[in-house]
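Chain letters run A, B, ... following the sequence lines, proteins first, then strands; residues in each count from 1.
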Amino acid sequence: MFELLKEDAGARRGRLTLPNGVVQTPIFMPVGTQATVKSMTAAQIHDCNAQIILSNTYHLNIRPGSALVERLGGLHKFMGWNKPILTDSGGFQAFSLSKLRKITEDGITFKSHLDGAKLFISPESCIQIQKELGSDIRMVLDECIPYPCEKSACQKSVERTIRWAQRCLKAHQDLPQDGKMTFAIVQGGVYDDIRQDCAKALAQLDFPSYAVGGVSVGEPEEEMLKQVAASTQFLPKNKARYVMGVGTPRQLLRMIALGADMFDCVMPTRLARHGNAFTTRGIINLKNAKYKEDESPIDESVKSYASNFSKAYIRHLVVANEILACTLLSIHNTAFFLQLMQEARTHIEIGDFHAWSKNWIANYDSGE
RNA sequence: GGUUGGGUAUCCAAGUGGCUAAAGGGCGCGGACUGUAAAUCCGUUCAUCGUAGAUGUUCGUCGGUUCGAAUCCGACCCCCACCA
């Protein structure tokens with residue numbers, strides 16, 4: 001259940017109540033595709049103030065299999081995470097693994113990227129798999145359209161995504177109503193009118209909540225924000241709005257201003273593993289020689305377990321290719337994103353989100 | 001002392017007459033990354049001129065053969081293995 005608590009110049013402060021806990025929005029969800037937020041323990045994720053994490057239907061169904069996860073007590077127990085989990089449907093893999101799949105009206109047939117085994121995911125089985133995994137939020141099967149995409153092809157794809165959403169909704173309604181939610185996904189590529197039609201059609205279906213998909217697939221940032229705006233404005237106010245797969249700190253703040261409530265992105269954890277850290281003055285690359293003797297923590301204003309260490313030490317770990325570098329930077333970056341969301345919530349409550357966010361972005365863009 | 005094999009750029013290593021400033025790696029330096037086939041990928045890495053390109057100095061050392069040598073010849077210095 002989603003409750004809208006306050007609005008401030010387009011930004012929304014909300015509360016999502018799920019079987020495994022309450023999520024305060026706006027919120028960022030760390031990505032744990034394979035039932036792990038890479039390099040972090042559940043306790044560490046928790047200490048970064050994560051309220052909900054994301055996992056993936058396609059990956060978990062290929063390995064270890066949703067039936068096994070169910071037998072072992074569900075995803076929460078399996079991975080030792082007792083707060084909410086959102087599972088993505090595998091629709092994005094239709095995009096990222098486009099060479100390994102075939103889409104028909106029935107669903108998506110994948111050729112496993114691990115062993116070539118055939119895996120068919122239909123709208124119905126997609127919901128069933130996510131039910132077996134036990135996630136708090138399930139995503140409908142959608143087709144993430146590449147960029148660029150010709151308009152008529154986009155239109156046809158979106159129509160199918162809507163039909164799939166209807167089938168997913170039916171599958172969702174056939175399951176016990178235990179507080180678990182299923183989100184529909186607005187697609188439409190760069191075409192505002194298609195996005196508008198899609199959002200309206202899905203809104204009519206009265207899903208528990210909604211997502212905006214198909215963004216940040218190669219289009220410029222302004223285009224991406226335009227797509228989000230074109231989608232969110234036609235979604236019901238009393239439902240959560242999750243923008244999938246994004247974004248940078250700047251994008252997050254700007255999307256919050258467009259009325260988005262939830263986000264996920266691999267960026268903080270992936271960049272961490274690649275030696276980069278987010279700071280209030282932009283991204284820094286710890287591999288750079290200039291940090292060799294830097295005794296200060298990554299960012300004085302971001303508190304996490306990683307604050308205990310100097311840039312010089314973390315740089316050493318990165319350069320030496322030590323596993324701990326991945327962990328410490330993932331902790332830092334995850335805490336950074338979640339702290340940003342906490343501040344955003346606070347400023348929406350205060351009522352100065354716009355001014356604060358403008359100032360925050362200016363500082364972020366100013367560089368070191 | 002003898003017999004083999006070997007000494008190539010910061011390290012490992014290919015190259016046995018011209019297409020070689022010299023393959024590949026590593027290290028170093030820099031960059032990319034957005035619902036994770038990603039602890040990955042890309043660039044760069046002798047010196048000087050901003051890049052293109054040009055010039056200079058290189059393949060243990062010294063000398064030689066040749067129009068031309070990292071590559072052939074001689075001497076010498078090191079290293080490894082085996083023999084004694």
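For the pair A/Lys239 and A/Glu3, the salt-bridge criterion is not met [side-chain N within less than 4.0 Å of a carboxylate O]. Remark: A/Asp294 does not engage A/Arg315 in a salt bridge, criterion side-chain N to carboxylate O under 4.0 Å. At a threshold of 4.0 Å, the pair A/Lys311-A/Glu295 does not count as salt-bridged, since none of the basic side-chain nitrogens sits closer than that to a carboxylate oxygen. A salt bridge is defined here as a Lys NZ or Arg NE, NH1 or NH2 lying under 4.0 Å from an Asp or Glu carboxylate O, and A/Lys156 with A/Glu159 fails to meet this definition. Look at A/Arg250 and A/Asp365 and you find a salt bridge, because one of the NZ, NE, NH1 or NH2 atoms lies within 4.0 Å of a carboxylate O, short of that distance. Under a 4.0 Å N-O distance rule, the pair A/Asp8/A/Arg345 does not qualify as a salt bridge. Taking the charged nitrogens against the carboxylate oxygens, A/Glu124 and A/Arg167 do have a contact shorter than 4.0 Å, which makes a salt bridge. Salt-bridge check for A/Arg160 with A/Glu143: passed, with a basic side-chain N closer than 4.0 Å to an acidic carboxylate O. Ionic pairing of A/Lys180 and A/Asp136 is not present here: no N-O contact between side-chain nitrogen and carboxylate oxygen is shorter than 4.0 angstrom. Ionic pairing of A/Asp174 and A/Lys170 is present here: one or more N-O contacts between side-chain nitrogen and carboxylate oxygen are shorter than 4.0 angstrom.
In this model, no side-chain donor or acceptor of A/Ser96 finds a partner on the base of B/U36 within 3.5 Å. Scanning atom types as modelled, one donor and one acceptor separated by under 3.5 angstrom connect the side chain of A/Arg273 and the base of B/U36. One donor-acceptor pair, N or O on each side, does fall under 3.5 Å between the base of B/U34 and the side chain of A/Gln251.
Residue A/Arg101 is classed as having no contact, given no heavy-atom separation below 4.0 Å to the nucleic acid. Within the 4.0 angstrom heavy-atom criterion, only backbone atoms of the sugar-phosphate kind lie near A/Asn288; the bases stay farther away. Within the 4.0 angstrom heavy-atom criterion, base atoms lie near A/Thr269. Counting any heavy atom pair closer than 4.0 Å across all strands shown, A/Ile185 reaches a base atom. Among the protein residues, A/Leu271 comes within range of the nucleic acid bases, having at least one heavy atom under 4.0 Å from a base atom. Nucleic acid contact class of A/Glu221 (heavy atoms, under 4.0 Å, all strands): none. The residue A/Leu100 sits close to a base: some heavy atom pair falls under 4.0 Å. Nucleic acid contact class of A/Asp88 (heavy atoms, under 4.0 Å, all strands): base.
Whole-Å rounding puts the A/Asn276 CG to B/U36 P distance at 20 Å. Residue A/Ile52 contributes atom CD1, which lies 13 Å from atom C1' of B/G35 at whole-angstrom precision. When rounded to the nearest whole Å, the span between CD1 of A/Ile27 and C1' of B/G35 equals 16 Å. Across the protein-nucleic acid pair, A/Asn285 atom CG and B/C33 atom C1' stand 11 Å apart, rounded to whole Å. One atom, NZ of A/Lys287, and another, P of B/U40, lie 9 Å apart when rounded to the nearest Å. Per the geometry, OH belonging to A/Tyr58 stands 12 Å off C1' belonging to B/U36, to the nearest Å. A/Leu114 has its CG atom 15 Å from the P atom of B/U36, to the nearest Å. B/A39 atom C1' lies 11 Å from atom CD of A/Glu322, rounded to whole Å.
Base-pair partner of B/C41: B/G31 (Watson-Crick or G-U wobble, both distances under 3.5 Å). Summarising the base pairing, B/U51 is matched to no nucleotide, lacking a Watson-Crick or G-U wobble pair whose two defining distances lie under 3.5 Å.
In terms of phosphate contacts, A/Arg270 brings a side-chain nitrogen or oxygen within less than 4.0 Å of OP1 or OP2 of B/U34. Between A/Ser216 and B/U34 there is no side-chain N or O to OP1 or OP2 distance below 4.0 Å. The phosphate of B/U34 has neither OP1 nor OP2 within less than 4.0 Å of any side-chain N or O from A/Arg254. The phosphate of B/G35 (OP1 or OP2) has no side-chain N or O of A/Asn56 nearer than 4.0 angstrom. Residue A/Gln93 has no polar side-chain atom (N or O) positioned under 4.0 Å from OP1 or OP2 of B/G35.
Rounded to whole Å, the P atom of B/C46 lies 16 Å from the corresponding atom of B/U20. A gap of 34 Å separates the P atoms of B/G30 and B/G15, to the nearest Å. Rounded to the nearest Å, the gap between the C1' atom of B/C12 and that of B/G17 is 27 Å. One C1' atom belongs to B/C29, the other to B/C19, and the distance between them is 31 Å to the nearest Å. Taking atom P on both B/G7 and B/A13, the two are 9 Å apart, rounded to the nearest angstrom. For the C1' atom pair drawn from B/G25 and B/U45, the interatomic distance equals 13 Å after rounding to whole Å. For the C1' atom pair drawn from B/G50 and B/G63, the interatomic distance equals 42 Å after rounding to whole Å. The same atom, C1', is picked in B/U51 and in B/G60; the two are 37 Å apart, to the nearest Å.
Each of A/Val37 and A/His274 has a nearest nucleotide on RNA chain B; the 5'-most of these lies closest to A/His274. Heavy-atom nearest nucleotides on RNA chain B were determined for A/Val319 and for A/Gly214, and the one closer to the 5' end corresponds to A/Val319.
In this structure the side chain of A/Lys131 never reaches within 4.5 angstrom of the side chain of A/His172, judged on heavy atoms.
The listed nucleotides are B/G31, B/U34, B/U36; the one nearest the side chain of A/Lys38 is B/U36. When the nucleotides B/C29, B/U36, B/G31 are ranked by their closest atom to the side chain of A/Ala289, B/C29 comes out on top.
Contacts between residues 126-137 of chain A and RNA chain B, defined by a heavy-atom separation below 4.0 Å, involve no residue at all.
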